[in-house]
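All heavy atoms count here, side chains included; hydrogens, waters and symmetry mates do not. Here is the naming used below: chain letters follow the sequence lines, and residue numbers restart at 1 for every chain.
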Amino acid sequence: MKLYTQLKDTIEKNLPDLAGAVFDFQPSPENQPGDFGLACFRFAKQLKTAPPKAAEMIAALEFPAIVEKVEQAGPYVNFTLDRSAFATSLVDNVMSEGGKFGSLNRGAGTPVLLEHTSINPNASPHIGRARNGLIGDSLARLLKFEGYDVDVHYYVNDMGKQIGLLALQTEGKGELSFDNVLEEYVAANERAKNDPAFEQKGFELLMKMEQGDPEVKKTFGGIVDICLAGQLEVLARLGLGYDRFDRESSFLSDPRMDEVMAMLKEKDALFTDEDGRTVVDLQKIGWKREEGRYIVLMRANGSSMYMYRDIAYTLEKIERAEGHNYIVLGEDHKMYFEQLALIVSALGKKPPEAIFYNYILLSEGKMSTRQGTVVLLSDFLDEVTSRAREKVTEQWPDMPAEEQAEIARMIGIGAVRFTILSVKPNKNVIFDWDEALSFTGDSGPYIQYSCTRIASILRKYTGSDSVEDIPRPEGAVTVTHDAEWSLLTRLALLELDVQTALDQPNIALLATSALDIARRFSAFYNACPVLNADSEDVKKSRIAICMAVRQALINLLGILGIEAPERM
RNA sequence: GGGCAAUUAGCUCAGCUGGAUAGAGCGUUGGCCUCCGGAGCCAAAGGCCGCGCGUUCGAAUCGCGCAUUGCCCA
């Protein structure tokens with residue numbers, strides 16, 4: 001924030017001993033005077049004095065006019081700002097930046113690549129799979145918000161054993177429909193468990209696929225297309241989209257791998273095991289542990305294994321990615337990815353930056369598509385949307401049904417996306433139906449609700465039916481209430497939140513920011529009448545504040561992939 | 001057996017690179033619409049921040065050990 005820089009400059013100019021020191025500015029706690037403070041522990045030594053003395057020295061300096069008062073409190077210095085001056089410049093800033101408020105445009109057009117979702121083509125995705133896609137999709141939105149040119153990739157694992165089993169299971173049953181895939185998939189796995197011959201046949205099909213048998217390739221392709229199309233339709237309901245689909249089968253053999261094999265051979269990391277398979281000994285290229293030391297690249301018959309194709313694919317992505325190269329992966333892929341990254345690094349290339357997330361668990365235990373014990377994303381969305389529909393119908397009985405449905409759709413998406421995104425990725429989430437279906441408190445709809453309240457005020461203020469393109473009231477923004485101040489200082493932090501969220505990266509942090517702003521807005525809304533304000537000046541200031549808050553929330557919700565309806 | 005991650009209020013989770021009295025929501029208890037949308041607001045109760053050592057002016061935050069849970073490897 002520019003304000004901090006100004007203060008820092010003032011301090012360094014007057015106390016040259018502190019050149020290069022780190023200043024920890026932070027909001028003042030409730031019980032302390034001032035708007036924010038500076039802790040003086042860290043640099044007191046540089047002034048050859050105790051922290052309270054250092055604070056005293058700093059408090060005695062002359063600061064720019066926006067600082068109204070400076071006082072020392074033990075080892076802290078507390079600054080009080082000219083609230084109206086600060087508010088005016090902040091609101092001006094928000095309104096002039098509009099949809100870009102909060103962005104520093106660090107990307108400046110740099111191309112980046114991001115792979116996410118990449119679900120195995122089988123049944124309708126469950127909510128655990130959605131976690132991958134939502135984290136990836138929101139990261140893509142965040143990167144775009146920061147000005148990066150994002151290319152979203154989806155890796156289609158179109159040659160797993162499961163597809164072979166599905167092919168056998170549905171043989172002669174005519175066209176497979178996506179609605180029965182889960183059923184057939186569970187049945188096929190059950191059958192494979194009890195019938196070794198059946199499983200063996202599936203395996204043989206896979207072998208043929210690996211060797212490029214055209215007939216099998218066609219069968220597999222047909223099944224994969226049906227599964228993928230069905231899965232993408234569900235994902236699209238949540239707002240997930242992709243720029244490019246890369247099929248595993250197109251990396252069956254790949255010229256890029258010549259270089260990899262040569263490198264491994266040169267490091268003496270390649271050998272043939274007793275089954276005739278081509279194996280890498282990762283310890284030869286720097287693997288530290290015994291676990292995961294060996295990885296198979298090719299079968300005895302010369303066909304490639306999953307890791308082989310994945311290395312080829314990763315190399316292709318590296319060629320395409322000019323800036324960052326991200327991948328979102330479940331926690332079960334941690335060691336696998338470490339192995340992959342090591343091989344890529346040994347080639348002298350930079351592996352993708354992986355973002356791991358932990359599983360969503362049900363209170364009864366874990367979800368398994370194979371066993372059919374899942375909460376399907378589509379069911380969850382249906383349920384949430386139908387509950388939202390009830391509320392909308394109750395609130396707006398005369399609204400056209402189509403419009404009601406559209407609003408309910410936005411709320412449903414808001415609820416689902418927020419529920420999953422608001423938890424840090426490296427934590428297991430316990431999924432609870434009641435909690436996930438709740439629209440009160442910490443939820444997406446709560447934030448959307450704040451936006452509709454603002455929209456409602458603005459409609460009444462302008463007398464117009466739409467709230468787009470309203471000019472901000474002229475003049476300075478005066479701050480007359482603590483609730484206004486608490487809201488505005490929070491808005492000013494948004495820029496920092498966006499940067500932190502991107503650097504970590506951590507989308508959940510932005511969900512919290514949005515919630516925090518919405519909560520402060522609600523407090524403001526309750527304490528400060530806008531349209532019925534005491535004076536015209538206060539009314540105009542509060543309208544301006546409302547507009548700034550709405551813009552900030554819309555920007556944050558946009559990153560989370562949530563729309564803000566004007567009515568709900 | 002080994003590796004990675006997690007552990008904060010009854011439950012579900014925040015707490016950003018160590019800083020002033022650890023915060024929300026749900027649930028519980030009590031208030032708030034003659035006033036901009038009650039999907040809301042205000043207040044109360046509720047904490048050995050898993051346990052133990054260590055690092056330092058200062059630890060929920062960093063390090064080590066242990067316990068528990070999730071995931072992975074042979």
Side-chain angles (χ1 to χ4, degrees), chain A residues 22 24 26-32 37-42 44-45 50-51 73-76 78 287-295 329-339 356-361 363 365-366 387-388 391-392 394-396 411 414-415 419 422-432 434-436 438-450 452-461 483 493 496-497 499-501 503-504 506 508-513 515-516 518-519 521-533 539 542-543 546 567-568:
Chain A
V22 178
D24 303 312
Q26 56 190 314
S28 299
E30 297 284 323
N31 63 328
Q32 294 292 332
L38 172 64
C40 301
F41 301 98
R42 205 190 290 262
K45 273 183 197 149
Y76 293 88
N78 288 314
W287 190 258
K288 297 281 188 284
R289 312 185 291 270
E290 187 57 32
E291 306 73 43
R293 173 179 173 181
Y294 301 108
I295 191 117
L329 293 170
E331 60 176 331
D332 50 337
H333 284 76
K334 280 179 188 171
M335 182 177 283
Y336 172 80
F337 182 77
E338 222 180 315
Q339 294 167 326
F356 293 101
Y357 66 94
N358 286 20
Y359 281 5
I360 295 181
L361 310 173
S363 42
K366 23 188 136 147
R387 293 208 187 188
K391 291 214 83 168
V392 175
E394 191 186 310
Q395 181 79 30
W396 305 97
I411 296 169
T419 294
S422 59
V423 180
K424 265 188 317 186
N426 53 355
K427 270 181 92 140
N428 286 114
V429 178
I430 317 280
F431 183 83
D432 179 88
D434 287 336
E435 200 168 326
S438 158
F439 298 157
T440 64
D442 287 359
S443 72
Y446 173 83
I447 301 167
Q448 292 172 312
Y449 184 63
S450 297
T452 62
R453 279 174 143 185
I454 296 175
S456 177
I457 290 175
L458 295 179
R459 277 196 302 270
K460 292 201 163 99
Y461 175 69
L493 291 176
L496 291 177
D497 290 342
Q499 299 313 312
T500 312
D503 289 337
Q504 293 200 349
N506 175 12
L509 191 153
L510 294 178
T512 309
S513 303
L515 199 55
D516 198 13
R519 210 181 277 130
F521 169 75
S522 293
F524 157 82
Y525 180 88
N526 209 252
C528 304
V530 178
L531 298 174
N532 305 321
K539 177 174 164 183
R542 288 182 179 164
I543 288 287
C546 283
R567 293 179 176 83
M568 66 187 271

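- Contacts of A/L515 with the nucleic acid, taken as non-hydrogen atoms under 4.0 Å apart, are absent.
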Using a cut-off of under 3.5 Å, enumerate the N/O to N/O pairs linking the protein to nucleotides 57-63 of chain B.
none

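- From A/I457, atom CD1 reaches atom NZ of A/K539 across 11.5 Å, with rounding to the nearest 0.5 Å.
- Between A/N506 and A/T500, every side-chain heavy-atom pair lies at or beyond the 4.5 Å cut-off.
- When heavy atoms are screened at a 4.0 angstrom cut-off, A/I430 is found touching the sugar-phosphate backbone but no base atom.
- One can place CG of A/N506 at 13 Å from C1' of B/U17, the figure rounded to the nearest angstrom.
- Checked against B/A14, B/A5, B/C36, the side chain of A/N426 finds its nearest nucleotide in B/A5.
- Of all nucleotides listed (B/U8, B/A39, B/A20), B/U8 comes nearest to the side chain of A/K427.
- Atom name P, nucleotides B/C57 and B/G18: the rounded distance is 15 Å, in whole Å.
- Counting heavy atoms from C-beta on, the side chains of A/Q504 and A/K424 never come closer than 4.5 Å.
- Rounded to whole Å, the distance from CZ on A/R453 to C1' on B/G38 is 7 Å.
- The P atoms of B/C41 and B/U56 are separated by 45 Å, rounded to the nearest whole Å.
- When the C1' atom is used for both B/G19 and B/C35, the distance is 44 Å, rounded to whole Å.
- As a whole-Å value, the separation of A/Y357 OH from B/A6 P is 17 Å.
- Considering only side-chain atoms of A/Y525, the nucleotide from B/G40, B/A20, B/G38 that sits closest is B/G38.
- Residue contacts for A/S450: at a heavy-atom cut-off of 4.0 Å it reaches no nucleic acid atom on any strand shown.
- Here A/C40 lies out of heavy-atom contact (under 4.0 Å) with every strand.
- Using a 4.5 Å cut-off on side-chain heavy atoms (C-beta onward), A/Y336 and A/L329 make no contact.
- Searching all strands for a Watson-Crick or G-U wobble partner of B/C16 with both distances below 3.5 Å returns nothing.
- Using a 4.0 Å heavy-atom cutoff across all strands shown, A/V530 reaches at least one base atom of the nucleic acid.
- Computed from coordinates, the A/I454 CD1 to B/A39 C1' distance equals 15 Å when rounded to whole Å.
- Between A/R519 and A/D516 there is a side-chain heavy-atom pair separated by less than 4.5 Å.
- The shortest distance between side-chain heavy atoms of A/Q448 and A/P445 falls below 4.5 Å.
- Checked for salt-bridge contact, A/K391 and A/E394 miss the test: no charged N lies under 4.0 Å from a carboxylate O.
- If you take atom P in B/G47 and the same atom in B/A9, they sit 10 Å apart, rounded to whole Å.
- To the nearest whole angstrom, the two C1' atoms, one in B/A74 and one in B/A67, are 25 Å apart.
- You'll find the side chain of A/R542 stays beyond 4.5 Å of the side chain of A/Y461, heavy atoms only.
- For the pair A/N78 CG and B/A20 P, the interatomic distance rounds to 12 Å; values are reported in whole Å.
- The CZ atom of A/F524 sits 15 Å away from the P atom of B/C36 (whole-angstrom rounding).
- If you measure from atom CD of A/Q32 to atom C1' of B/G19, you get 13 Å, rounded to the nearest angstrom.
- Within 4.0 Å of A/S522, counting heavy atoms only, lie sugar-phosphate atoms of the nucleic acid but no base atom.
- Considering only side-chain atoms of A/Y76, the nucleotide from B/G19, B/G37, B/A14 that sits closest is B/G19.
- Only the P atoms considered, B/G65 is 12 Å distant from B/G2, to the nearest whole Å.
- Not one side-chain nitrogen or oxygen of A/T500 sits closer than 4.0 Å to the OP1 or OP2 atom of B/C16.
- Both distances falling under 3.5 Å, in either a Watson-Crick or a G-U wobble arrangement, place B/A43 opposite B/U29.
- Base pairing of B/U56: no nucleotide in any strand meets the Watson-Crick or G-U wobble criterion (both distances under 3.5 Å).
- B/C33 shows a glycosidic angle within 90° of 0 and is accordingly assigned syn.
- Distance from the side chain of A/Y449 is smallest for B/G38 among the nucleotides B/C13, B/G38, B/A20.
- Taken from OH in A/Y76 to CD in A/Q32, the straight-line distance is 8.5 Å, to the nearest 0.5 Å.
- Nucleic acid contact for A/G37: base, since at least one base atom lies under 4.0 Å from a heavy atom of the residue.
- Considering CD of A/E435 and CG of A/D442, their distance stands at 9.0 Å, rounded to 0.5 Å.
- Here, B/G23 and B/G31 have their C1' atoms 23 Å apart, quoted to the whole Å.
- Pair assignment for B/C4 gives B/G70, based on Watson-Crick or G-U wobble hydrogen-bonding distances that are each under 3.5 Å.
- In this structure, A/Y357 and A/Y359 have tilted ring planes: the angle between them lies in the 30° to 60° band.
- The NZ atom of A/K424 sits 11 Å away from the C1' atom of B/U7 (whole-angstrom rounding).
- The distance from the CG atom of A/L531 to the CG atom of A/L458 is 8.5 Å, given to the nearest 0.5 Å.
- As rounded to the nearest Å, B/U12 and B/C72 have P atoms that lie 22 Å from one another.
- At the heavy-atom level, A/W396 lies under 4.0 Å from base atoms of the strands shown.
- Nucleic acid contact class of A/E338 (heavy atoms, under 4.0 Å, all strands): none.
- In this structure the side chain of A/S456 reaches within 4.5 angstrom of the side chain of A/R459, judged on heavy atoms.
- Cation-pi geometry between A/R453 and A/F521 is not met at under 6.0 angstrom from the ring centre and within 45 degrees of the axis.
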Strictly under 4.0 angstrom, non-hydrogen atoms only: write out the protein contact profile of nucleotides 67-74 of chain B, one letter per nucleotide from the 5' end, B, S or -. ---BSSB-

Atom pairs, N/O to N/O, protein against nucleotides 25-29 of chain B, distance under 3.5 Å?
{"from": "B/G25", "atom 1": "O4'", "to": "A/D442", "atom 2": "OD1", "distance (Å)": "3.1"}
{"from": "B/G25", "atom 1": "O4'", "to": "A/D442", "atom 2": "OD2", "distance (Å)": "3.3"}
{"from": "B/G25", "atom 1": "O2'", "to": "A/D442", "atom 2": "N", "distance (Å)": "3.4"}

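- Within the 4.5 Å cutoff, side-chain heavy atoms of A/S522 are placed close to those of A/Y446.
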